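Here's the structure, in C-alpha cells; my notes come after.
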Amino acid sequence: MSETSDQPRTGAAHRGTLLGAMFLMATSAIGPGFITQTTQFTAQLGAAFAFAILVSILVDVAIQMNVWRVVGVSGMRAHQLANKVAPGAGWLLTALVVIGGLVFNIANVAGAGLGLNALLGLPPAIGGAISAVLAIAIFTIRRAGVALDRIVVVLGVLMIGLTAYVAIVSGPPVGDALRQTVLPDQVSWLVITTLIGGTVGGYITYAGAHRMLDSGLSGPEHAAQVARSSVQGVVVTAVMRVLLFLAILGVVAGGVNLADSDNPTATAFGAAAGEVGLRLFGLILWVAAITSVIGAAYTSVSFLTSRESPRRTTNLLTVGFIVLSTAVFLVAGTTPVTLLVFAGAFNGLILPIGFTILLWVAWRRRDLLGGYHYPRWLLGAGVAGWLVTLFIGYQFVAENLGKL
C-alpha cells in the first residue's frame, strides 16, 4: 500500500490522502477503549468530565502538532529519525509500537465482534472474523491506499453522525457542561492522563503523520499545511469525544445508573433511544473497532517498512498482522487480560520515548529538518506535553508492570 512522493499525484488525490491521514489518526484513537473510557468517566464525573476533555485536547494538539511537524518537514518516519539520532533507537521504538499495536489489535478485533453482535446478533467470534476479512480486503485491492483514505473518512463521518443523533435525543444539560468546561466541580488528573494516553499513546501517535508522508506532503515548504492538518485531525477526535460525552451525560443526568451495568455504553444508548439506540451502539462500536484495526495494522507495519518498500511486501505484512491478531482472539475467545496489561505498559513507554526523540530533532538536529528553523513556541508547547507523557509513562510502568 506504499505510495511514495515521487509518484505523480493530482491535487484532488493529494487532498484525499491528506484527509485520509487526518481521519486515520482520529479513527485510530476512537476505538472500543475510547468508547468505554468516555462512558465510565462521564458516569463518574458527570458534567465535570468536560474539563478533563478540554485539557486532554490541548495536550493532544501540542503533541500531534510537533509529531506531524517533525515527521513532515524531515520526510522520514519516526523510527528512521530515531535511528539517525541514536543508532538502534529506531529498532527499539519499532519493537514497542509493533508489540503494543498487535496486542491492542486483538482487542480491536474483539470489539468489532461485539459490535456486530449488538447490531446483528452474530456470535462475537464470527463477527470478529468477518470484520478482519473486511479489513484485509482493503489492503489487498489494487488501489489500497485510495481505498484506505476513502473508507476511514466515510466511516469516521458515519460514526460522528450516529453519535450526534444519540447526543441530541438524550437531551444533555449543555449549559452545565459548558460551565464546567472551565469551572469544574471536581478535577481528576488520573482521568486526564488516561484520556491523553488513549488518544495519542502507542501507535496512535504516528498513524496520521506516517500516512501524511504517503501523500507526498513533506519538506520545510509544507510546514504550515502540515500544522493545519495535525490540528484538524485532533479536532475530529475531539468532536467525537464531546458528542459521546454529551450522549452519555444526557442519560446520566436523567437518573439512569450505569455503575451496575455490564455494558454501560449499550445501557446508555438504549436508555436514550430504545431498541434503535442499542442497534446504533452496535454500529458505532463496530465502526470504531474496524477503523482501529485498520489504523493499528497500517501504522505498525509502517514501522517495519519504508516509503520505498514494495507495495506487495507492505500489504502482505499488513494482512499477516491482522490475521495474527484475529487468530489469537479466536483461539483465546477473548482478549487475554495479562496481554492487555502488558500492552498498556508498552503504550506508556512508547509515547515518552518516541516523543523525546522527535523533540530532540526539533531542538538540536536542524540538519534532519533541511535547515528548517523550528518555531520556539511550538517547541515549548511540545515540552509541556512531553512532561505529561513522562507522567503517563511512569504511571503505566509503576502500576501495570507490577501486575504481570
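In this text the structure is predicted, and so the values were computed from the model without any measurement.
No side-chain donor from either of Tyr203 and Asn105 sits under 3.5 Å from a side-chain acceptor of the other. Between the side chains of Trp68 and Ser229, no donor N or O sits under 3.5 Å from an acceptor N or O. In the model, Thr305 has a side-chain atom that pairs as donor or acceptor with a side-chain atom of Arg77 under 3.5 Å.
Going from atom CZ of Arg69 over to atom CD of Gln64 covers 13.0 Å, rounded to the nearest 0.5 Å. Phe329 CZ to Thr326 OG1: the interatomic distance, rounded to the nearest 0.5 Å, is 8.5 Å.
In summary, the aromatic rings of Tyr206 and Phe303 are positioned with their centroids under 6.0 Å apart.
The closest donor-acceptor contact from the side chain of Ser309 to the backbone of Ser306 lies under 3.5 Å. Between the Ser302 side chain and the Thr299 main chain, a donor and an acceptor come within less than 3.5 Å of each other. Not one N or O on the side chain of Ser300 forms a donor-acceptor pair closer than 3.5 Å with the backbone of Val98. Panel note: side chain Thr27, backbone Ile30; no donor-acceptor pair is recorded below 3.5 Å. Between the side chain of Arg279 and the main chain of Ala118, a donor-acceptor pair closer than 3.5 Å is present. The closest donor-acceptor contact from the side chain of Asn83 to the backbone of Gly90 lies under 3.5 Å.
Residues that satisfy the ring-ring contact (aromatic ring centres under 6.0 Å, His included) test with Phe23, not counting sequence neighbours, are absent from this structure. The ring-ring contact (aromatic ring centres under 6.0 Å, His included) search around Tyr372 returns none, not counting sequence neighbours.
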Given side chain to side chain contact (heavy atoms under 4.5 Å, CB included), test Ile138 with Leu134 step by step and report yes or no. CA-CA 7 Å; Ile138 295 172; Leu134 291 175; over 6 Å; no
Evaluation steps, side chain to side chain contact (heavy atoms under 4.5 Å, CB included), between Ile53 and Phe41: CA-CA 10 Å; Ile53 292 176; Phe41 293 150; over 6 Å; no
Please step through side chain to side chain contact (heavy atoms under 4.5 Å, CB included) for the pair Thr140 and Asn315, ending with a clear verdict. CA-CA 7 Å; Thr140 55; Asn315 288 354; 5.9 Å; no
Under the side chain to side chain contact (heavy atoms under 4.5 Å, CB included) rule, what do Val361 and Tyr374 come out as? Steps first, then yes or no, please. CA-CA 10 Å; Val361 171; Tyr374 205 84; over 6 Å; no
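Between Val236 and Ile160 there is a side-chain heavy-atom pair separated by less than 4.5 Å.
Counting all heavy atoms, side chain and backbone alike, Ser131 lies closest to Ile290 at O-CD1, 3.1 Å. What you find for Pro32 and Asn108 is that their closest heavy atoms are CD-OD1, 3.6 Å. The two residues Ala125 and Leu330 have their closest heavy-atom pair at O-CD2, 3.5 Å. Closest of all the heavy-atom pairs between Ala167 and Leu246 is CB-CB, 4.2 Å.
Other residues, nucleotides and ligands place no more than 12 heavy atoms under 6.0 Å from the CZ atom of Arg150.
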